[in-house]
Chemist: 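My questions all concern the structure below.
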Protein chains: 2
Amino acid sequence: MLVEQKVTRRPLEQELISRGVRMTAQRRLLVEIIQSAEGHLDALDLWERARKHDSTLNKVTVYRTLNMLKKHGLVDELDLLHMRSGRHFYEARTMRDHIHLACLRCGRIQEFESSLFEKLKGQIERERRFRIQVVRVEAGGLCDKCQE
Amino acid sequence: MLVEQKVTRRPLEQELISRGVRMTAQRRLLVEIIQSAEGHLDALDLWERARKHDSTLNKVTVYRTLNMLKKHGLVDELDLLHMRSGRHFYEARTMRDHIHLACLRCGRIQEFESSLFEKLKGQIERERRFRIQVVRVEAGGLCDKCQE
DNA sequence: GTACTTGCAAAGATTTTGCTTCCAA
DNA sequence: TTGGAAGCAAAATCTTTGCAAGTAC
């Protein structure tokens with residue numbers, strides 16, 4: 001079985017440049033934060049982190065950059081089962097789709113990869129002749145630590 | 001293989017009464033609309049339909065009722081890949097989980113059930129010792145009709 | 001009767017838009 | 001140089017909250 005680590009296609013900045021997107025200092029900063037983030041950030045998290053490096057960076061620029069990245073399919077937008085109502089979380093798109101497991105008690109987010117998931121996607125594409133571009137799977141429940 | 005139709009556990013109103021939830025005319029109306037809706041409604045759709053029967057029903061009551069149903073796990077809250085940014089869609093919870101296929105060109109939403117999906121949930125529960133309470137799968141792409 | 005629910009108005013939270021100035025290519 | 005991007009302020013959306021009045025059980 002092919003086991004691949006969580007690997008982005010290539011650095012987001014490279015990807016953007018090759019697509020003819022104009023690189024500004026703000027975009028470089030935001031993209032760097034998204035890429036190196038361990039967890040899932042929402043727009044405000046991202047803004048707060050960015051402001052530590054560039055205190056003049058505007059919140060609107062964060063939203064516009066996220067929209068640009070979404071349009072290019074370079075980030076995934078999650079809402080993690082609306083645990084924090086209304087907020088959207090972002091992560092750099094990886095080579096391999098993964099499932100998000102959100103513990104509804106402690107809030108921990110785990111990621112899960114599975115060849116069954118890949119098979120399921122194949123089944124959808126075949127049986128419905130549906131060309132999948134993005135998939136999002138979010139499961140909510142109790143993680144192992146919260147079941148004691 | 002067990003093939004089950006899309007069947008709700010039992011009428012939502014019954015379910016609510018048995019749980020000791022106070023039934024008002026407003027709740028009866030909203031619950032009836034949710035249950036008999038063919039598609040996926042957002043809060044405003046729901047409000048508009050409800051107002052045709054009770055023009056005094058307030059939008060806030062819609063939000064409060066949806067929150068109550070969510071808390072009881074009787075509706076699922078979807079965002080259908082943020083096709084309409086910010087909006088949440090609701091559907092009565094059915095016995096069997098299903099996958100939503102959202103065509104990013106024409107906007108059509110299809111539903112898909114699969115035993116592979118059930119297996120995948122089993123795998124998550126076993127391998128991560130994660131007790132799943134809700135699952136949401138949304139795939140975005142091109143439906144058969146939009147691929148010509 | 002009493003606790004829960006509704007309507008109304010107002011506030012909150014998140015995201016988008018208009019417009020001017022600035023800057024990457 | 002020039003079209004695209006950023007900053008700022010304001011608007012647009014969607015959702016929640018506080019409180020008085022009404023109602024289910």
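So that the names make sense, note that chain A is the first sequence line, chain B the second, and so on, each numbered from 1.
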Chemist: Would you check if Leu16(A) and Arg27(A) make a side-chain contact, meaning some heavy-atom pair closer than 4.5 Å?
Modeler: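 No, too far: nothing below the 4.5 Å cut-off.
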Chemist: Is it true that, when you exclude Arg129(B) itself, more than 12 heavy atoms of the residues, nucleotides or ligands shown sit nearer than 6.0 Å to its CZ?
Modeler: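 Counting neighbours around CZ of Arg129(B), 12 or fewer heavy atoms of other residues, nucleotides or ligands fall under 6.0 Å, so no.
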Chemist: Shoot me the first and last contacting nucleotide of DNA chain D against chain A, ordered 5' to 3', at under 4.0 angstrom to non-hydrogen atoms.
Modeler: dG3(D) to dT16(D)
Chemist: Is atom CZ of Arg131(B) surrounded by more than 12 heavy atoms (other residues, nucleotides or ligands) closer than 6.0 Å?
Modeler: no
Chemist: Using 4.0 Å as the upper bound for N to carboxylate O, is an ion pair formed by Lys52(A) and Glu48(A)?
Modeler: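 Looking at Glu48(A) and Lys52(A), the cut-off is not met.
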Chemist: Using a 6.0 Å distance limit plus a 45 degree cone around the ring axis, check whether Arg49(A) lies over the aromatic ring of Trp47(A).
Modeler: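 Negative - Arg49(A) is either too far from the ring of Trp47(A) or too far off its axis.
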Chemist: Rounded to whole angstrom units, what separation is found between the CZ atom of Arg27(A) and the C1' atom of dA25(C)?
Modeler: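 Arg27(A) atom CZ is separated from dA25(C) atom C1' by 13 Å.
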Chemist: Asp42(B) or Met68(A): which one's nearest nucleotide on DNA chain D is closer to the 5' end?
Modeler: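 That would be Met68(A).
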Chemist: Using a 4.0 Å cut-off on protein heavy atoms (strictly under), produce a 5'-to-3' string for nucleotides 15-24 of chain C with B for base contact, S for backbone-only sugar-phosphate contact, and - for none.
Modeler: BBBB----BB
Chemist: Would you mind checking if Arg136(A) and Glu138(A) are paired as a salt bridge, meaning a charged N to carboxylate O distance below 4.0 Å?
Modeler: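 Answer for the salt bridge query: yes.
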Chemist: Is it possible for you to check whether Lys121(A) lies under 6.0 Å from the centre of the six-membered ring of Phe117(A), through NZ or CZ, and within 45° of that ring's axis?
Modeler: yes
Chemist: Taking NE2 in His53(A) as the centre, count heavy atoms belonging to other residues, nucleotides or ligands within less than 6.0 Å. Is the count above 12?
Modeler: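 Atom NE2 in His53(A) is not packed in, count stays at 12 or less.
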